[in-house]
Amino acid sequence: MRLDKWLKVSRLIKRRTVANEACDNDRVSVNGRTVKASYDVKVGDRLELKFGANTVKVEVLVVADNVGKADAAAMYKEIL
């Protein structure tokens with residue numbers, strides 16, 4: 001699944017267009033590399049999202065197209 005769609009489905013970013021812009025502005029990195037929105041997300045990838053002064057680090061646990069709101073948080077694990 002594309003990175004921008006995974007970010008939307010996991011509800012880390014609310015809209016796919018915003019996820020696309022974040023990737024285009026080098027605010028998203030996977031396994032230490034800056035990637036584009038078309039990157040294919042795999043289980044085990046470690047994502048780093050930069051929101052202003054805050055940084056969120058997560059590990060991908062599940063890649064699924066259809067996820068309910070309650071199950072979205074189970075798609076990733078936050079890394080401290």
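- Note: Asn20 CG to Asn25 CG = 10.5 Å, rounded to the nearest 0.5 Å.
- No more than 12 heavy atoms of other residues, nucleotides or ligands lie within 6.0 Å of CZ in Arg15, so this atom counts as exposed by the packing criterion.
- Listed here is the closest heavy atom pair of Val9 and Met75: CG1-SD, 3.8 Å.
- For the pair Val56/Val58, a side-chain contact is recorded, criterion being any heavy-atom separation below 4.5 Å from C-beta on.
- At least one donor-acceptor pair closer than 3.5 Å links the side chain of Asn31 to the backbone N or O of Arg46.
- Shown here is Lys42, whose NZ atom has more than 12 heavy atoms of other residues, nucleotides or ligands within 6.0 Å.
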Practice item. Check the pair Val35 / Leu3 against side-chain contact (heavy atoms from CB on, under 4.5 Å), numbers first and verdict last. Key: CA-CA 9 Å; Val35 293; Leu3 177 59; 3.6 Å; yes
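- Contact of the Val63 side chain with the Val43 side chain is registered, since non-hydrogen atoms from C-beta on lie closer than 4.5 Å.
- At a threshold of 4.5 Å between side-chain heavy atoms, the hydrophobic network of Ile, Leu, Val, Met, Phe, Trp and Tyr places Ile79 and Val30 in two separate groups.
- Residue Arg27 places its CZ atom among 12 or fewer non-hydrogen atoms of other residues, nucleotides or ligands, all under 6.0 Å distant.
- To the nearest 0.5 Å, the span separating NZ on Lys57 from CD on Glu78 amounts to 11.0 Å.
- The cluster map of Ile, Leu, Val, Met, Phe, Trp and Tyr, joined by side-chain heavy atoms under 4.5 Å apart, puts Leu12 and Val18 in the same cluster.
- Put simply, NZ on Lys5 and OG on Ser38 are 15.0 Å apart, with the number rounded to the nearest 0.5 Å.
- Within the 3.5 Å criterion, the main-chain N or O of Val62 finds a donor-acceptor partner in the side chain of Trp6.
- Here the straight-line distance linking atom SG of Cys23 with atom CG of Leu49 works out to 8.5 Å at 0.5 Å rounding.
- Defined by atom type and a distance below 3.5 Å, a donor-acceptor pair is present between the side-chain atoms of Asp45 and Tyr39.
- In this structure, the separation between CD on Glu21 and CD1 on Ile13 is 10.0 Å, given to the nearest 0.5 Å.
- Lys36 has its side chain within reach of Asp26: a pair of non-hydrogen atoms, C-beta onward, lies under 4.5 Å apart.
- In this structure, CZ in Arg16 is found 8.5 Å from NZ in Lys8, a value given to the nearest 0.5 Å.
- Side-chain contact between Glu48 and Thr55 is present, with at least one heavy-atom pair separated by less than 4.5 Å.
- Between Leu47 and Ser29 the shortest side-chain heavy-atom distance does not fall below 4.5 Å.
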